Amino acid sequence: MPSLGRLHLITDTRPGRDPLTVVRAALTAARADLVVQVRVEDSATDREAYDLARRVLGLCAPYGATCLVNDRLHVALAVGAAGGHVGADDLPVGAARRVLGPTGVLGATARAPETAVEAVTAGASYLGVGPCHSTSTKSGLPDPIGAAGVRAVTGAVHVPVIAIGGVTAARVPELRAAGAYGVAVVGAVSGAADPARATAELLRALTC
């Protein structure tokens, strides 16, 4: 598996957002330390997902940054991404591992030690754990688990845990202290007036 960056940027493709501009800005600040996870709205066609993933991968390549695709593993394979990420309503982790093969990066969503262990046993390379705090980026999420919930998961598995949900630079130290390897963000970068500066602040918080 490629070395996994500590900062994961999830594309925001809601109306009025410009994910490619945000990715470009974040890459200038984070370079190879960035993981870009291409996530599109459920209503997006596979062609739209493919076109975005292909362009994001092209932006990541010169920096050596990792590109993953959320949910749509066939798109990840089609564009040659490093791997993908599956949630609770996507393919089971074991099936996703068979799709990606033994070497692809495979992230899985978990919020409790039991499901985390199951995901790792089934082949997850890393876990996205949360939501840690309340967030308006995605609707229908369960209640936040806080740093205590992250700590419970990190104590149960040996793979990197990426904390997600309402993450800001100010909240990173607490999450790192809870054992999180890194964090995943949407609004903290895509909603910032200066995405490059926001990215740099998150990286500083992660490496302190």
Side-chain angles (χ1 to χ4, degrees), residues 1-14 17-27 30-110 119-120 122-130 137-138 141 159-165 167 181-190 195 199:
M1 186 186 85
S3 177
L4 192 68
R6 294 186 186 272
L7 179 58
H8 293 220
L9 172 62
I10 300 174
T11 58
D12 189 350
T13 58
R14 291 175 295 174
R17 305 287 179 160
D18 187 352
L20 291 173
T21 295
V22 171
V23 168
R24 286 190 192 96
L27 283 166
R31 306 180 71 84
D33 291 329
L34 191 67
V35 176
V36 182
Q37 186 183 133
V38 178
R39 185 170 76 187
V40 297
E41 299 298 295
D42 291 342
S43 59
T45 65
D46 281 347
R47 181 57 181 267
E48 289 170 332
Y50 172 83
D51 287 343
L52 178 60
R54 180 177 55 81
R55 295 178 72 181
V56 169
L57 182 63
L59 294 175
C60 289
Y63 295 96
T66 301
C67 177
L68 306 177
V69 177
N70 186 280
D71 301 347
R72 307 190 193 202
L73 300 185
H74 58 300
V75 172
L77 291 173
V79 301
H85 185 101
V86 292
D89 296 326
D90 302 320
L91 281 177
V93 177
R97 172 51 70 198
R98 289 193 292 275
V99 171
L100 289 179
T103 60
V105 178
L106 175 58
T109 298
V120 173
S125 309
Y126 75 90
L127 298 175
V129 176
T137 301
K138 193 174 183 180
L141 294 173
V159 300
V161 166
I162 306 299
I164 185 172
V167 174
Y181 172 83
V183 298
V185 298
V186 182
V189 173
S190 66
T199 299

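Small disclaimer: the values here were computed from a predicted structure and weren't measured.
Residues Leu127 and Ala119 share a closest heavy-atom pair of CD2-CB, 3.8 Å. Closest of all the heavy-atom pairs between Ala184 and Ile10 is CB-CD1, 4.2 Å. Listed here is the closest heavy atom pair of Leu73 and Val69: CD2-O, 4.4 Å. Annotation for Pro160 and Leu4: closest pair CB-CD2, 4.0 Å, computed over non-hydrogen atoms. The two atoms that bring Val56 and Leu20 nearest to each other are CG2-CD2, 3.9 Å, heavy atoms only. Between Ala81 and Cys67, the shortest heavy-atom contact is CB-O, 3.4 Å.
In this structure, the side chain of Arg97 engages the main chain of Gly123 through a donor-acceptor pair within 3.5 Å. Between the side chain of Asp90 and the backbone N or O of Gly87, at least one donor-acceptor pair lies under 3.5 Å.
Atom OG1 in Thr21 sits 9.5 Å away from atom CG in Leu59 (nearest 0.5 Å). Note that CG of Asp71 and CG of Asp42 are 7.0 Å apart. Values are rounded to the nearest 0.5 Å. Here CD of Gln37 is found 7.0 Å from CD1 of Ile164. Values are rounded to the nearest 0.5 Å.
Side-chain contact between Leu7 and Asp33 is absent, with no heavy atoms from C-beta onward closer than 4.5 Å. The shortest distance between side-chain heavy atoms of Val22 and Asp12 does not fall below 4.5 Å. Looking at heavy atoms from C-beta onward, Glu48 lies out of side-chain contact with Thr13 at the 4.5 angstrom threshold. Between Leu9 and Thr199 the shortest side-chain heavy-atom distance does not fall below 4.5 Å.
Ala49 pairs by the side chain to side chain contact (heavy atoms under 4.5 Å, CB included) definition with Val40, Arg72, Val75, not counting sequence neighbours. Here Ala188 pairs with Val185, Leu202 under the side chain to side chain contact (heavy atoms under 4.5 Å, CB included) rule; sequence neighbours left out. Contacts of Asp18 classified as salt bridge (Lys or Arg N to Asp or Glu O under 4.0 Å), with partners at least two apart in sequence or in another chain: none. Applying the side-chain hydrogen bond (donor to acceptor under 3.5 Å, both in side chains) rule to Arg6 yields no partners; only residues at least two apart in sequence or on another chain are considered.
Under a cut-off of 6.0 angstrom, the local environment of CZ in Arg98 is sparse, with at most 12 non-hydrogen atoms contributed by other residues, nucleotides or ligands.
Sorted by first and then second residue, the ring pair (Phe, Tyr, Trp, His ring centres under 6.0 Å) pairs with a member in residues 53-97 read His85-Tyr126; sequence neighbours excluded. Evaluation of the side chain to side chain donor-acceptor pair (under 3.5 Å) test over residues 52-61, restricted to residues two or more places apart or in two chains, returns none.
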